[in-house]
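Computed over heavy atoms, backbone and side chain alike; hydrogens, waters and symmetry mates excluded.
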Amino acid sequence: MRAVIVDDFSTAPTVQDVAIPTPGDHDVLVRLEASGLCHTDIHAARGDWPVQPHLPFTPGHEGVGIVEAIGAAVTEVAVGDRVAMPWFGYGCGACGYCIDGRETLCESQRNTGYSVDGGLREYSTADSRYVVKVPDGVTPLDAAPLTCAGVTTYKAVKVAHVIPAERVAIFGIGGLGHLAVQYAKIVGGFVTAVDVVDEKLALASRLGADHLVNAAKVDPVEAIQAEGGADVAIVLAATSKVFEQAFHSLRRGGRLICVGLPKDGAFELPIFETVLKGVSVIGSIVGTRQDLHEVFALHAAGRTEVVTEIRELEDVAAAMDEVLAGKVPARIVFEFAQA
């Protein structure tokens with residue numbers, strides 16, 4: 001089969017011919033139909049973060065496909081089911097986080113496309129207990145971005161506890177941001193979309209954003225404060241400066257939701273302003289399996305729209321460059337030929 005392989009953090013990933021894996025007792029073998037490209041995949045391929053993947057590996061945590069074979073102990077899914085393979089690929093199931101609904105904080109977790117091979121390949125294995133069934137009415141091309149971009153931003157809106165009519169500023173419109181706009185609207189927020197690309201802001205407007213800010217042309221802090229400030233600022237951009245801008249855009253009692261993971265990984269947090277204005281700073285990682293079920297249900301009901309651009313697997317290196325350059329309006333998805 002064809003698979004994207006990262007052999008070295010200093011060179012671009014390549015497509016290679018490798019053996020189709022064999023599922024273990026609790027695993028399923030999935031024939032991929034579609035797999036999205038997340039910014040995290042690029043960080044993984046470049047070894048940007050303190051804990052690096054073990055080389056060689058296949059990135060990708062937005063894989064969607066059909067179960068072709070199951071291990072001896074599998075009871076959760078059957079051959080022929082369409083499933084999604086999210087970032088949260090395995091948890092211990094026994095720690096406090098796993099049993100109280102915060103499984104994505106499990107310290108024993110394995111992550112798809114990072115600590116185990118991911119979805120940028122024609123066939124992949126995954127733990128049957130942590131894949132999520134894709135309902136009828138959700139196409140593979142839509143399900144793939146929803147598996148990370150969707151569930152990540154849905155979770156961010158959830159942990160922000162947005163109240164109807166609150167101002168929600170979303171910093172970074174793209175694969176994640178165009179979905180964050182929609183989830184913030186679903187819960188009744190007035191949405192301010194912030195980006196540096198007019199095309200992305202136009203997309204945000206079409207999807208329901210109430211206020212647009214081009215941070216390349218105006219100071220986003222001044223623009224948002226001129227509207228009364230934001231109650232919630234969700235940061236999806238991978239630049240530390242944007243986190244500082246988002247913090248200063250908040251009104252009293254505001255909540256800063258940190259989602260993006262910049263390589264440099266730090267921003268200045270003014271203690272006096274945080275305390276005196278009653279600002280909350282909240283980290284939000286990907287959603288749980290239940291969150292993904294909800295994301296799929298909303299999409300199947302016609303509540304969300306996924307904007308994608310299709311690429312061939314052999315174009316993976318160029319696609320990563322496009323994402324880094326900010327040239328992609330929303331989500332790149334690799335589509336696999338049907339068997």
Side-chain angles (χ1 to χ4, degrees), residues 1-18 32-65 85-87 89 111-122 124 140-141 143-150 152-153 172-179 195-197 199-200 203 236-240 242 259-265 286 306-336:
M1 68 170 182
R2 296 178 304 148
V4 173
I5 302 294
V6 178
D7 285 311
D8 191 297
F9 295 128
S10 63
T11 59
T14 58
V15 175
Q16 301 177 22
D17 289 325
V18 300
L32 275 298
E33 299 174 293
S35 191
L37 178 64
C38 180
H39 210 130
T40 294
D41 298 322
I42 303 173
H43 287 301
R46 297 185 172 203
D48 284 342
W49 293 339
V51 179
Q52 297 176 329
H54 292 293
L55 298 171
F57 74 100
T58 295
H61 52 275
E62 290 185 345
V64 172
M85 301 163 49
W87 169 258
N111 301 118
T112 307
Y114 210 88
S115 52
V116 295
D117 283 326
L120 293 182
R121 46 172 48 201
E122 292 179 311
S124 194
L141 285 175
L146 292 173
T147 298
C148 176
T152 298
T153 51
I173 306 301
L176 277 76
H178 87 285
L179 288 160
D195 206 282
V196 295
V197 179
E199 184 182 7
K200 294 183 180 183
L203 174 61
L236 308 173
T239 306
S240 294
V242 178
V259 179
L261 292 171
K263 182 179 179 180
D264 51 5
V286 294
V306 181
V307 179
T308 59
E309 292 188 2
I310 298 172
R311 297 287 189 276
E312 296 295 325
L313 199 61
E314 282 75 14
D315 297 329
V316 62
M320 288 183 174
D321 289 340
E322 284 185 82
V323 172
L324 290 174
K327 295 179 179 179
V328 184
R331 203 54 148 191
I332 283 179
V333 177
F334 300 97
E335 187 175 27
F336 297 84

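Across every non-hydrogen atom of Gly118 and Ser124, the tightest pair is O-OG, 3.1 Å. When every heavy atom of Leu120 is checked against every heavy atom of Ser35, the shortest pair comes out as CD2-OG, 3.6 Å. The shortest heavy-atom contact between Gly36 and Ala144 is N-CB, 3.8 Å. Contact detail for Gly65 and Glu33: the closest heavy-atom pair is CA-OE1, 3.6 Å. Minimum heavy-atom separation, Val197 to Gly326: CG2-O, 4.1 Å.
Separation of atoms CD1 (Ile42) and CE (Met320) is listed at 5.5 Å; rounding is to 0.5 Å. Atom-to-atom distance recorded for Ile332:CD1 and Glu322:CD is 4.5 Å, nearest 0.5 angstrom. Annotation: the span from Thr14 atom OG1 to Glu314 atom CD amounts to 10.5 Å, rounded to 0.5 Å.
At least one side-chain heavy atom of Arg46 sits under 4.5 Å from a side-chain heavy atom of Leu324. A heavy-atom distance below 4.5 Å is not found between the side chains of Pro140 and Phe336. By the 4.5 Å heavy-atom criterion applied to side chains, Arg311 and Val333 are not counted as neighbours.
With hydrogens and angles ignored, the 3.5 Å screen pairs a side-chain donor or acceptor of His178 with a backbone N or O of Val307. Counting only distance, with no hydrogens or angles, the side chain of Thr147 and the backbone of Pro86 share no donor-acceptor pair below 3.5 Å. Between the side chain of Asp195 and the backbone N or O of Ile173, at least one donor-acceptor pair lies under 3.5 Å. Side chain of Thr153 to backbone of Leu179: no donor-acceptor contact under 3.5 angstrom is found.
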Assess whether salt bridge (charged side-chain N to carboxylate O under 4.0 Å, His left out) is satisfied between Glu122 and Arg2, documenting all intermediate values.
-> CA-CA 6 Å; Glu122 292 179 311; Arg2 296 178 304 148; 3.1 Å; yes

Passes side-chain contact (heavy atoms from CB on, under 4.5 Å), Phe334 versus Leu32? Steps please.
-> CA-CA 10 Å; Phe334 300 97; Leu32 275 298; over 6 Å; no

Going through the distances and angles, do His39 and Leu176 end up as a side-chain contact (heavy atoms from CB on, under 4.5 Å)?
-> CA-CA 10 Å; His39 210 130; Leu176 277 76; over 6 Å; no

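Sparse packing is recorded around CD of Glu312, with 12 or fewer heavy atoms of other residues, nucleotides or ligands lying under 6.0 Å away.
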If you look only at distance, which donor and acceptor atoms sit under 3.5 Å apart when one is on a side chain in residues 51-64 and the other is two or more places apart or in another chain?
residue : atom : partner : partner atom : Å
Gln52   : NE2  : Gly47   : O            : 2.8
Thr58   : OG1  : Val4    : O            : 2.8
Thr58   : OG1  : Arg121  : NE           : 3.2
Thr58   : OG1  : Arg121  : NH2          : 3.0
His61   : ND1  : Asp41   : OD1          : 3.1
Glu62   : OE1  : Arg331  : NE           : 3.2
Glu62   : OE2  : Ala149  : N            : 3.1
Glu62   : OE2  : Arg331  : NE           : 3.2
Glu62   : OE2  : Arg331  : NH2          : 2.6

